[in-house]
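Residue numbering restarts at 1 for every chain, and letters A, B, ... go by the order of the sequence lines. The model shown is predicted, which means the values in this text are computed figures rather than measured ones.
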Amino acid sequence: MHNAPPPLRDAAAFRNHQPMTKPARTRVGPSPTGDPHVGTAYMSLFDRAVADKTGGKFVLRIEDTDRNRYVADSEKQIVESLEWLGLTPDEGPDIGGDFGPYRQSERLPLYKEAAEQLISAGKAYKCFCTADRLATLRKIQQAEKSKRMGYDGLCRGLSAEEVQAKEASGEEYVVRLKMPREGEIEVHDLFRGTLKFIADEQQDAVMLKSDGFPTYHLAMAVDDHAMQITNVIRAEEWLPSTPIHFELYRAFGWEPPVFSHMPLLRNNDKSKISKRKNPTSLLWYRDAGFLPEALRNFLCLMGFSMPNDQEIFTYGEFLREFELSKVNVGGPIFDLKKLHWMNGEYIRALAPAELEKRLVEYVKLLVGREKEFADLPADQLPTEQFLSEFEQKRRQRSRVLAELAPTMMTAYDTNPKLMLPIIPLIRERMHTLGEAADYLPMFFTNEFTYTPDDFVAKKCTLDEAKKALNEMRSIVDATDFNDPEAAHKQLDDQSRAKAEELGMKLGPFLGPIRMAITGSKVSPPLMESMLVLGKDETLKRIDNAIQKLGA
RNA sequence: GGCCCCUUCAUCUAAUGGUUAGGAUACGGCCCUUUCAAGGCCGCGAUAUGGGUUCGAAUCCCAUAGGGGUCACCA
């Protein structure tokens with residue numbers, strides 16, 4: 001028997017009459033089953049925004065009801081990642097709050113009680129079907145290409161005596177929700193309005209598992225109600241099970257919160273974002289040297305855009321313009337290329353001292369982790385070219401920095417002023433902190449692996465290289481490094497003069513010098529680099545090269 | 001396959017019945033230049049298709065196509 005549904009508020013009407021003015025309570029409910037997921041951050045961002053916009057609260061709830069997939073470190077990493085991104089919750093397991101505990105594994109009695117309440121009200125029933133039976137059932141349904149998949153409701157008709165007998169004989173059972181068999185189930189979504197589902201096509205979902213733990217469905221409804229959550233912001237993949245949730249709310253006689261089903265972040269091929277095809281771990285973004293504020297900003301763009309076309313903005317600016325109802329529901333492809341660009345913008349906007357600080361922190365993060373960054377075999381790399389190349393380079397860079405770290409940190413500890421002058425030279429060239437690996441080592445080591453061939457270029461023969469090095473040695477030797485500005489001018493002027501004398505363009509002339517000073521054909525500006533290194537070190541490096549070339 | 005959601009440049013998106021359909025990334029070119037960048041300028045490039053409604057449709061309606069999600073004692 002199924003009573004007529006009580007009138008539910010219409011989502012559109014609700015939206016119009018109650019814009020986000022009342023303090024909202026939002027929550028994110030990650031399950032601690034692995035690395036913190038970028039999708040969790042994405043949802044948290046909008047949860048945080050709705051809470052902040054309305055002066056409400058954002059709650060972190062750990063949904064650890066799956067004992068099989070539980071990963072011990074996961075919760076800690078989730079908490080740290082959210083903090084890293086500046087999306088710190090107001091209530092949560094390690095913060096506390098008035099609605100705790102915030103771990104579902106610590107709320108088991110609540111779910112049990114709720115399940116019993118449903119059973120005694122005739123809204124749920126005990127199901128003794130074995131996993132085997134369900135598997136067989138599924139197979140048959142698939143073979144028959146049955147329209148109606150899922151549980152067939154066998155135990156729904158069990159008499160009280162039958163239930164008692166089975167229980168007495170120790171048979172395990174789950175608790176299933178009795179879904180209506182007739183009519184439609186209306187659900188409401190902030191973006192999509194009222195959605196109707198055929199009731200008979202819904203199955204009797206499990207509420208309580210045989211191990212006594214609740215499923216997501218029960219735990220979510222019980223907790224959201226108990227924690228007075230007003231807005232459920234979750235991924236679109238939940239849309240098909242929303243009828244269960246609305247039915248559950250009705251069974252309890254509770255008012256459902258406002259549901260907003262956010263679009264799914266996508267891979268390049270439009271499928272739901274996944275580890276194989278796209279980095280999904282927040283730890284990955286941190287390890288690759290993305291700035292949290294850049295990632296956060298980028299995530300804002302996945303579905304939301306500013307009225308003035310502004311793409312780079314602070315959280316405060318975002319909040320001023322943000323409205324949940326303006327979010328785009330088409331699934332956005334997570335374009336790492338654009339994040340890469342944006343991260344570069346953020347790096348360049350950082351004050352040198354701040355970038356210095358971030359860089360030092362970043363290098364410390366990589367210390368001792370060389371093994372983690374071994375090259376990946378081709379078949380384990382993402383299929384998309386940019387992702388694949390970036391991942392391989394990222395590993396190489398992390399290794400370089402991890403290996404450089406001891407030397408670098410020692411030098412830095414000895415002379416804390418060492419780092420700051422380097423920053424302006426490398427910052428224009430970086431998109432991620434990891435890319436510092438391409439430019440940083442030369443400032444801390446002069447042990448280069450170059451060969452004479454490396455000094456030769458199209459417009460610079462070996463003979464010319466030797467001459468250039470000797471000329472530059474004289475120039476440097478004659479320059480007073482104590483006045484950097486004057487020194488720079490002198491180095492520059494003299495180089496030009498000598499290059500002309502040798503009948504060379506400045507670029508080719510500086511090629512061998514660059515190799516001698518930086519050990520690479522690509523480097524930060526040469527004169528500036530020499531000034532940072534100092535006269536002695538510069539001369540030493542030129543001498544090393546001259547020796548190497550036997551000039 | 002059933003059910004559900006979605007559909008503007010390659011990608012993120014703007015334009016809520018009247019715009020030469022705008023911006024950003026990426027890509028290409030030029031400038032700057034000491035290599036590499038960064039920066040500046042220019043270019044390429046989209047309303048999925050077909051029907052309606054309307055003086056007028058990217059915008060409203062219907063169909064088709066395409067994409068995605070979901071059909072667990074996982075969340």
Q.
Assess, by modelled atom type and distance only, whether the side chains of A:His261 and A:Arg234 contain a donor and an acceptor separated by less than 3.5 Å.
A. yes
Q. Between the base of B:C73 and the side chain of A:Ser210, is there any donor-acceptor pair under 3.5 Å?
A. yes
Q. Going by atom types only, do A:Ser274 and A:Asn267 share a side-chain donor-acceptor pair under 3.5 Å?
A. yes
Q.
Under 3.5 Å for both donor-acceptor distances, Watson-Crick or wobble: does B:U34 have a partner, and if so which one?
A. none
Q | Distance, rounded to the nearest Å, where A:Met342 contributes CE and B:U13 contributes P | A | 12 Å
(Q) Both distances below 3.5 Å, Watson-Crick or wobble geometry, any strand: find the nucleotide opposite B:U25. (A) B:A10
Q | N/O donor-acceptor pair, side chain A:Lys338 with base B:A26, under 3.5 angstrom | A | no
Q. Base, sugar-phosphate, or nothing: which does A:Arg176 touch, judged by heavy atoms less than 4.0 Å apart?
A. sugar-phosphate
Q: Would you jot down, in residue-number order, the residues of residues 125-134 of chain A having a non-hydrogen atom under 4.0 Å from RNA chain B?
A: A:Cys129, A:Leu134
Q: Under 4.0 Å between any heavy atoms, over every strand shown, what does A:Leu526 touch: base, sugar-phosphate, or nothing? Just pick one.
A: base
(Q) Please classify the nucleic acid contact of A:Gly303 as base, sugar-phosphate, or nothing, using heavy-atom distances under 4.0 Å. (A) sugar-phosphate
Q: Could you let me know what B:U54 is paired to, Watson-Crick or G-U wobble, both distances under 3.5 Å, or none if it's on its own?
A: none
**Q.** Flag for A:Thr432-A:Glu435: side-chain donor and acceptor within less than 3.5 Å
**A.** yes
Q. Do we see a donor-acceptor contact under 3.5 Å between the side chains of A:Thr130 and A:Asp132?
A. no
Q.
Using a heavy-atom cut-off of 4.0 Å across all strands, would you classify A:His217 as base, sugar-phosphate, or nothing?
A. nothing
**Q.** Residue-phosphate contact under 4.0 Å: A:Lys270 side-chain N/O, B:G69 OP1/OP2
**A.** no
Q: Any strand is fair game: report the nucleotide pairing with B:A63 by Watson-Crick or G-U wobble, both distances under 3.5 Å, or none.
A: B:U49
(Q) Can you work out whether A:Ser305 or A:Lys521 has the more 5'-proximal nearest nucleotide on RNA chain B? (A) A:Ser305
Q | ring pair (Phe, Tyr, Trp, His ring centres under 6.0 Å) evaluation trace for A:His340 with A:Phe386 | A | CA-CA 11 Å; A:His340 188 248; A:Phe386 179 81; 5.8 Å; yes
(Q) At 4.0 Å (heavy atoms only), tell me whether A:Gln142 reaches a base, stays on the sugar-phosphate, or touches nothing. (A) nothing
Q.
Pairing donors with acceptors under 3.5 angstrom, does anything connect the side chains of A:Asp223 and A:Tyr111?
A. yes
**Q.** CZ/A:Arg133: more than 12 non-hydrogen atoms of other groups inside 6.0 Å
**A.** yes
Q) Angle class for the A:Tyr216/A:His245 ring planes (parallel below 30°, perpendicular above 60°, tilted otherwise)? A) perpendicular
(Q) At less than 4.0 Å, is any side-chain N or O atom of A:Arg67 found next to OP1 or OP2 of B:C74? Yes or no. (A) no
(Q) Would the base of B:C5 count as contacting A:Arg192 through its side chain, where contact means a donor and an acceptor less than 3.5 Å apart? (A) no
Q) What does B:U70 pair with, Watson-Crick or G-U, if both distances are under 3.5 Å? A) B:G2
Q.
For a quick check of understanding: with a heavy-atom distance under 4.0 Å over all strands, which category does A:Gly150 fall into, base, sugar-phosphate or nothing?
A. nothing
